[in-house]
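Here the structure is laid out as structure tokens; the discussion comes afterwards.
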Amino acid sequence: MLSYILRRLIAMPFLILGIVTLAFLLTTVVKGDPLSAIVSERQMNNPEVVAAAKARWGLDKSLPERYAIYVTNLLKGDMGTSFITRRPVAQDVMYRLPATMELVLSAMLIGSVVGITLGVTAAYFRDTAIDHSARFFALFGSSIPVFWLGLALLYLTSVKWGILPGSGRVDARAALPPVVTGFITIDALLAGNFKIFVDALWHLILPSLVLGWTVAGTISRLVRANMLEVMGREFILTARAKGAGELRVVIRHALRNTLVPTLTVIGYSFAYLLTGAVLTETIFSWPGMGSYAVDAARGLDFPAIIGVTIVGGVIFLLTNLATDIAYVVANPRVRLG
Amino acid sequence: MSGTMQDEPLFEVRDLRVAFGKHGNFHEAVRGISLSVNPGEVLGIVGESGSGKSVGMLAAIGLQSGNARVSGSVRFRGRELIGLPNSELRKLRGSRIAMIFQDPLSSLNPVMTVGNQLSEAILLHNKDLSKKAAMRRAEDLLALVAIPQPDRRLQQYPHEFSGGMRQRVMIAMAVANDPDLLIADEPTTALDVTVQAQIMEVLAELQERLKLGLILITHDLGVLAGHADRVAVVYSGQVIEQAGVDDLFARPNHPYTRGLIASIPNMAEEKERLFSIEGTPPALGQFPRGCAFNPRCVEAQDICRQLAPPIHRLGDHTAACHFAAGTVEDTR
Ligand SMILES: Nc1ncnc2c1ncn2[C@@H]1O[C@H](COP(=O)(O)OP(=O)(O)OP(=O)(O)O)[C@@H](O)[C@H]1O
Ligand SMILES: [Mg+2]
């Protein structure tokens with residue numbers, strides 16, 4: 001198992017380099033003029049800016065040299081300056097990434113808890129009304145478009161009933177806790193600021209519910225199928241013959257046996273959630289990578305687009321790696337091999 | 001051989017019926033089985049595949065599948081089990097009544113260590129025992145079923161055990177709480193011939209040592225010759241003959257039993273051709289009129305195709321055949 005994990009870890013830098021190379025190539029194909037990927041149109045006739053950019057990115061040098069410079073800059077954390085925000089892309093990303101992670105992780109948590117619960121319940125009560133409603137509920141989440149669901153729920157909860165705050169991560173007037181993790185909920189707790197914590201949590205619920213619901217369906221369908229298969233195996237009978245209660249039979253014996261495929265689907269759903277975050281963030285004015293990407297694309301903000309691509313790609317690689325490692329760790333048969 | 005008739009039965013099944021289906025369309029797989037086991041006695045149940053041996057015994061301890069409908073009476077030490085709430089049955093299962101299954105490859109949980117599975121069986125019925133004490137007891141249990149290096153084996157997963165070793169683990173788990181009754185459902189069928197004898201030996205020795213009431217389910221009447229006190233022969237969900245083991249082999253009173261005895265390899269006189277009963281048992285819900293065995297019976301007469309046979313009794317030897325010896329005693 002260790003050698004497997006080691007092999008995967010060794011492969012990581014090369015994969016990341018692949019992403020970086022793709023991102024670099026993106027800068028070279030834009031409009032034929034690499035300069036336009038680095039300097040905004042408005043600044044193009046400002047000779048000072050153009051000269052500075054050329055020097056910093058080695059634009060008058062050959063392609064391999066430019067590549068080397070690009071990678072070096074990147075290693076120093078330099079992804080250029082956003083045309084729109086006028087701030088270094090790296091800095092924007094550092095600010096926005098935690099917002100997205102907070103949203104995506106809590107969506108993943110909600111999606112997993114809801115999906116597993118629905119899947120287990122549906123399997124246990126297979127072919128009954130409970131099964132049918134659980135499956136309908138799950139299907140609903142994964143077949144309704146995120147923007148529709150998001151807008152409808154946003155309208156109902158915040159405009160019509162006024163029970164949830166509208167958009168953003170916290171009340172705009174609130175004094176934010178010092179940044180430690182970048183997750184406002186956690187930072188508020190660390191700072192002992194319970195009021196902000198509740199407010200942030202309140203803001204977080206609806207977007208992560210909407211986003212999480214989209215994957216709950218996939219997770220529950222897989223869990224249901226696996227649970228049905230496992231519940232029919234003989235060791236379930238053994239557990240019952242031991243005198244184990246139904247809850248123990250279902251959770252400890254059956255569900256544990258579906259852990260590997262469940263973990264895998266949850267891990268891979270992460271990529272789906274990252275994509276879904278783009279729409280969700282836009283609907284809920286969530287200041288994360290998704291809305292940043294949308295703004296960047298709209299404004300042809302190339303440094304930002306490329307930065308988001310690299311960061312997104314690396315996150316994707318890392319979660320796949322984590323999923324694969326979890327797969328090995330959770331599976332005693334693979335573990336020993 | 002400790003079972004005698006004067007004991008109060010440990011386990012008594014009366015007219016047990018199990019039907020499968022839904023929406024009022026049920027087919028009986030077990031059609032009125034009656035049998036009893038005395039304390040410390042070994043009852044063999046023999047019958048072809050699909051005759052309802054597993055379904056019947058599972059239903060007797062409340063482990064039938066969701067689509068099953070169960071009726072009749074099952075008494076354990078005088079206490080009625082049919083209709084008992086699951087919470088009560090659970091207290092008996094694994095503590096007073098244990099069961100092991102046909103396929104040791106799939107009857108252990110693949111993602112739990114053997115130690116955890118054994119200690120779970122112990123802890124479920126000994127709530128205030130510590131996990132550590134349960135593990136120590138688990139180690140003793142592995143030693144009891146002659147598994148070498150029990151301390152190391154506890155940490156391992158089922159796939160690190162051979163089939164025979166896994167069945168030993170199942171046996172250890174079954175006797176973990178010193179039960180009164182053990183139901184062993186074809187414990188050796190899935191194993192290599194050489195291993196089969198070893199497992200039977202372990203079972204027989206434990207049965208003797210722990211004074212277990214044992215129900216030994218098998219396809220193979222030959223196995224019962226050496227291990228059972230009494231035998232119940234099951235055909236199409238009914239007990240068609242029940243007798244002490246020696247009596248059964250000496251005076252089989254049902255043509256089906258005679259066929260089974262004739263088809264035991266080392267008992268057949270002529271080695272060239274082994275006898276086997278012609279035909280196949282009827283499918284669920286397609287039992288013939290009269291005696292269920294009549295289409296395959298070499299001795300069948302008209303009456304066998306018309307009327308279900310009554311039970312004939314000779315002492316404690318019963319047989320359900322129109323032409324069996326003994327006095328008619330219709331309890332069907
Ligand atoms: N859950 C179920 N639903 C419907 N029919 C079932 C179910 N379980 C068992 N049966 C049927 O009940 C009959 C008896 O099955 P059972 O498993 O008791 O046979 P068996 O005597 O144990 O055979 P074997 O020696 O192969 O184990 C079979 O025809 C089987 O197909
Ligand atoms: Mg069976």
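In what follows, chains carry the letters A, B, and so on, assigned in the order in which the sequence lines appear, proteins first and then strands, with residues in each chain numbered from 1.
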Can you tell me which of B:His125, B:Met173, B:Glu120, B:Gln102 forms the most heavy-atom pairs within a distance under 4.5 Å of chain A?
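When all of B:His125, B:Met173, B:Glu120, B:Gln102 are compared, B:Glu120 has the most.
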
Among B:Ile97, B:Ile100, B:Leu108, which residue forms the greatest number of heavy-atom pairs with chain A at distances under 4.5 Å?
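Of the options given, most contacts go to B:Leu108.
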
Any residue of residues 50-64 of chain B which, by heavy atoms, sits under 4.5 Å from chain A
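From residues 50-64 of chain B, the residues near chain A are B:Leu58, B:Leu63.
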
In residues 74-95 of chain B, which residues are in contact with chain A at a heavy-atom separation under 4.5 Å?
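Only B:Asn86, B:Arg90, B:Arg93, B:Gly94 of residues 74-95 of chain B have a heavy atom under 4.5 Å from chain A.
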
Is A:Asp131 paired with A:Arg126 through a side-chain N to carboxylate O contact shorter than 4.0 Å?
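A:Asp131 and A:Arg126: not salt-bridged.
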
Do [X] and [Y] have a side chain donor and acceptor closer than 3.5 Å?
X        : Y        : answer
B:Asn116 : B:Asn109 : no
B:Asp220 : B:Thr218 : no
A:Thr100 : A:Glu281 : yes

Could you check B:Met200 against B:Leu216 for side chain to side chain contact (heavy atoms under 4.5 Å, CB included), going step by step and ending with a plain yes or no?
CA-CA 10 Å; B:Met200 278 315 301; B:Leu216 189 58; 3.6 Å; yes

What option among A:Ala239, A:Gly243, A:Gly232 has the most heavy-atom pairs under 4.5 Å with chain B?
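Max contact count across the listed options: A:Gly243.
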
Within the supplied structure, the quantity of interest is the number of heavy atoms (other residues, nucleotides, ligands) at a distance under 6.0 Å from B:Phe20 CZ; does it exceed 12?
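Above 12, so yes.
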
Nearest non-hydrogen partners of [X] and [Y], listed with the distance:
X        : Y        : value
B:Gly47  : B:His219 : O-CD2, 3.4 Å
B:Val30  : B:Leu16  : CG1-O, 3.2 Å
A:Pro207 : A:Leu103 : CB-CD1, 3.6 Å

Show me, pair by pair, the donor-acceptor contacts under 3.5 angstrom made by side chains of residues 313-320 of chain A, not counting sequence neighbours?
from	atom 1	to	atom 2	distance (Å)
A:Thr319	OG1	A:Ile315	O	3.1
A:Thr319	OG1	A:Phe316	O	2.9

Let's go through A:Phe140 and A:Leu149 carefully: what are the C-alpha distance in whole Å and the side-chain angles of both, what is the deciding distance for side chain to side chain contact (heavy atoms under 4.5 Å, CB included) to 0.1 Å, and is it a yes or a no?
CA-CA 10 Å; A:Phe140 188 78; A:Leu149 192 65; 4.2 Å; yes

Where along residues 244-251 of chain A does a heavy atom come under 4.5 Å of chain B, listed by residue number?
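Listed by number, the contacting residues are A:Ala244, A:Gly245, A:Glu246, A:Arg248.
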
How far does CG of A:Leu209 sit from OG1 of A:Thr214, to the nearest 0.5 angstrom?
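Going from the CG atom of A:Leu209 to the OG1 atom of A:Thr214 covers 10.0 Å.
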
Kindly indicate, with the supporting measurements, whether the criterion side chain to side chain contact (heavy atoms under 4.5 Å, CB included) is fulfilled by B:Val175 and B:Leu210.
CA-CA 9 Å; B:Val175 301; B:Leu210 305 174; 3.8 Å; yes

Given side chain to side chain contact (heavy atoms under 4.5 Å, CB included), test B:Leu144 with B:Leu206 step by step and report yes or no.
CA-CA 8 Å; B:Leu144 189 69; B:Leu206 276 180; 3.6 Å; yes

